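Have a look at the structure below, then the notes.
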Amino acid sequence: MSASKPSPKRAILWFRKDLRLADNAALATALDEGFEIIPLYIREPDKDETGPLGAAQAWWLHHSLKALAESLEKKGTRLTLRSGSAASVLHDLIAETKASAVFWNRRYDPPGIAIDKALKAKLSDDGIEVRSFAGQILHEPSKLMTNAGGNFRVYTPFWKALDGAGEPPEPIPAPKALPTLDSWPETEALSDWQMLPTRPNWAKGFESEWQPGEAGAHKRLAAFVKTGLKGYRTRRDFPGEAHVSMLSPHLALGEISPAAVWDATRDLPDDYSTEDYIHFRKELVWRDFSYHLLFHFPELARKNWNAKFDGFPWEHAPEKLKAWQKGQTGYPIVDAGMRQLWQTGFMHNRVRMIVASFLIKDLLIDWREGERWFRDTLVDADPASNAASWQWVAGSGADASPFFRIFNPITQGEKFDPEGVYVRRFVPELKAMPAKFIHRPFDAPLLVLKEAGVSLGKTYPKPIVDHGKARDVAMAAFQGLKVE
Ligand code: FAD
């Protein structure tokens, strides 16, 4: 790259899980300090030891990078895309651009931390200024500590400590313009990264559901605050209603900062109840708690937090696993959840708990199989929240739901989707079932099934296990572990 005017202050701005221009401390500081900026995204192959980027999130990432590149162009600059190890990409780009500094916002997944630490040391040795900033989560896992000076293992004291540490700073506005260079480094083409499905295009249903990118994130937040937040505390568990924010995929890639989400719940008009927005903040802080756990237990996605679960007699049941993945278990709320996941890349939180409990406790399949499937199919797949949540349901995690809390898929459905609105949306073959039997078609009289056009075992599966019996087997297996 050649630059016609001398520019001693040039910085590479390395975007990672912060694909945004607003509330981006690395970007704002580099600009404040007068740097010319070279925006960069690196496709780091197999960075994540827990497996490569899932297919659903790859779809999201493609669109998010496209949106980021367009926003940067509108502000006067360009995004450079490169593939390879971060060390080699940065080494080459520094040589090409004569950049004297690299700015980034910190990431908190263990492989990312290890890469960044080594990079910081190497680049500093080479005389390159390296500056890193907070922003992906609300706290710094190495700094927020219990009174005894250790890390947190229980959510409520964690929440109290985080909340007690004061409100997050107000988000920094996006810059109005960015310095334009005379020429930009060469970039790879986003389409060459092949992050979109081709045949079959399983992501068709994603397109009508989502708008990846920073603008989409802010739109989603504004709509939620306007209509969804009121009633959040009591209605957030009902998957047929619109009382959750669906911000998780935007947060997962940092298109919006958690501080900006928190900020949207400040200074609300009087007709908003405190209970609703505090409860929402508490959920947001579960994300931080998950990162806290991952930071202090980097093997969270691979190993039981509670080692007593290591001896659990998991079943090897590929057919049952497949039925679960495809939403063909014969339990409507489970099938609706798994099909929502496949069709839209998302699943409502209540239903995630139900399907996870079903996999682990009704099918006795290792929670790691579920974690892996979610990682591949969720647009919000997150190394911390996914692993921590699976261990929470399994009972093996920190501050987990006890193993003996086994969700009954029938009563859960009846309680949280009483009219079957959610089930009818994702399991259309049950559309005409009366509400009384929508969650238990196997108990419906033949005439009712006939009138609804349902033939069990043909148009909709019979249950692959008997929940009552499966529950007893799971409890016996658990009692054999002697977990306190
Ligand atoms: P809202 O209710 O609107 O909450 C706002 C934000 O708070 C969410 O966007 C999310 O960032 C955070 N949040 C809410 N609940 C939780 C929670 N229990 N744990 C951590 N953060 C939370 N969340 C992910 O972001 N990625 C995952 O890979 C993931 N895997 C999960 C796997 C299982 C088995 C379970 C039970 C939960 C998982 N969750 C995961 C947590 C939760 O289900 C989602 O964060 C939530 O459903 C996202 O929807 P929302 O944005 O509408 O949430």
Side-chain angles (χ1 to χ4, degrees), residues 17 50-51 53-54 56-57 60 109 136-138 155 158-159 209-210 217 220-221 223-225 227-229 231-239 241-258 260-262 264-265 276-277 279-294 300-301 324 334 337-338 340-341 344-361 367-401 405 407 412:
K17 288 205 164 175
T50 53
L53 186 68
Q57 205 166 41
W60 191 287
D109 56 294
Q136 193 201 334
I137 47 181
L138 294 166
Y155 172 79
F158 176 81
W159 155 258
E209 193 78 41
W210 304 107
R220 184 73 81 174
L221 175 61
F224 170 69
V225 172
T227 57
L229 181 56
Y232 179 80
R233 191 183 69 83
T234 51
R235 307 311 295 174
R236 60 179 285 273
D237 272 320
F238 292 77
E241 300 182 16
H243 281 287
V244 288
S245 70
M246 295 177 80
L247 279 166
S248 49
H250 299 287
L251 283 162
L253 291 182
E255 297 167 353
I256 191 164
S257 69
V261 175
W262 182 292
T265 63
D276 283 334
Y277 77 77
H279 204 99
F280 178 68
R281 287 179 179 178
K282 283 186 172 170
E283 292 304 324
L284 192 63
V285 168
W286 269 100
R287 178 173 175 271
D288 268 70
F289 183 56
S290 303
Y291 269 100
H292 192 81
L293 297 178
L294 181 66
L300 196 63
W324 177 81
V334 175
M338 297 309 292
Q340 181 187 21
L341 176 60
T344 69
F346 183 83
M347 196 193 300
H348 186 278
N349 179 62
R350 167 62 46 181
V351 191
R352 291 187 204 207
M353 293 194 288
I354 298 169
V355 304
S357 175
F358 189 81
L359 183 80
I360 298 165
K361 298 171 189 180
W367 61 264
R368 280 160 283 224
E369 289 286 357
E371 193 276 342
R372 201 172 302 142
W373 181 253
F374 269 31
R375 198 176 341 126
D376 195 33
T377 52
L378 274 173
V379 285
D380 66 21
D382 182 278
S385 298
N386 199 31
S389 301
W390 273 98
Q391 293 230 37
W392 185 88
V393 178
S396 59
D399 199 11
S401 171
R405 188 169 169 221
F407 282 83
Q412 284 284 313

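Start at 1 with the first residue, then count along the sequence. Just so you know, ligand 1 is whichever comes first in the structure, and atom 1 is the first atom listed for that ligand. Please read these numbers as outputs of a predicted model, since none were measured by experiment.
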Nearest neighbour of [atom] from the list [options], on a heavy-atom basis:
atom                    : options                        : result
atom 13 (N) of ligand 1 : Arg375, Met347, Glu283         : Glu283
atom 4 (O) of ligand 1  : Phe224, Phe346, Tyr232         : Tyr232
atom 28 (O) of ligand 1 : Leu221, Val351, Asp382, Ile256 : Asp382
atom 48 (C) of ligand 1 : Ser248, Pro239, Ala388         : Ser248
atom 46 (C) of ligand 1 : Val261, Asn349, Asp288, Ile354 : Asn349
atom 21 (N) of ligand 1 : His279, His243, Arg287         : Arg287

What is the closest protein heavy atom to [atom], and at what distance does it sit?
atom                    : result
atom 40 (C) of ligand 1 : Arg352 NH1, 3.3 Å
atom 53 (O) of ligand 1 : Ser245 OG, 4.1 Å
atom 33 (C) of ligand 1 : Ser389 CB, 3.4 Å
atom 23 (N) of ligand 1 : Ser385 CB, 3.6 Å

Is there a polar contact between ligand 1 and [X], counting only N or O atoms under 3.5 Å apart?
X      : result
His348 : no
Trp286 : no
Met246 : yes
Phe280 : no
Asp380 : yes
Arg236 : no

Do the two ring centres, one from [X] and one from [Y], sit under 6.0 Å apart?
X      : Y      : result
Phe280 : Phe224 : yes
Phe158 : His292 : yes
Phe374 : Trp390 : yes
Trp210 : Phe346 : yes
Trp60  : His250 : yes

Heavy-atom distances under 4.0 Å decide this one: backbone, side chain, both or neither, for [X] against ligand 1?
X      : answer
Ala381 : backbone
Phe289 : neither
Asn386 : both

So, Arg236 and Glu241, do they make that salt bridge, N to O below 4.0 Å? no

Using a strict threshold of under 4.0 Å (side-chain N to carboxylate O), is an ion pair present between Asp276 and Arg233? no

What heavy-atom pair brings Arg350 and Gln412 nearest, and what distance separates the two atoms?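 Looking at all heavy atoms of both residues, the shortest contact is NH1-OE1, 2.9 Å.
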
Answer with yes or no whether the side chains of [Y] and [X] bring together a donor and an acceptor at under 3.5 Å.
X      : Y      : result
Ser396 : Gln391 : yes
Tyr291 : Asp109 : no
Thr265 : Arg281 : yes

Salt bridge (charged side-chain N to carboxylate O under 4.0 Å, His left out) evaluation trace for Arg368 with Glu371: CA-CA 5 Å; Arg368 280 160 283 224; Glu371 193 276 342; over 6 Å; no

Looking at ligand 1, does Ala252 have a heavy atom less than 4.0 Å from it?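 Checking ligand 1 against Ala252, which is what was asked, there is no heavy-atom contact under 4.0 Å.
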
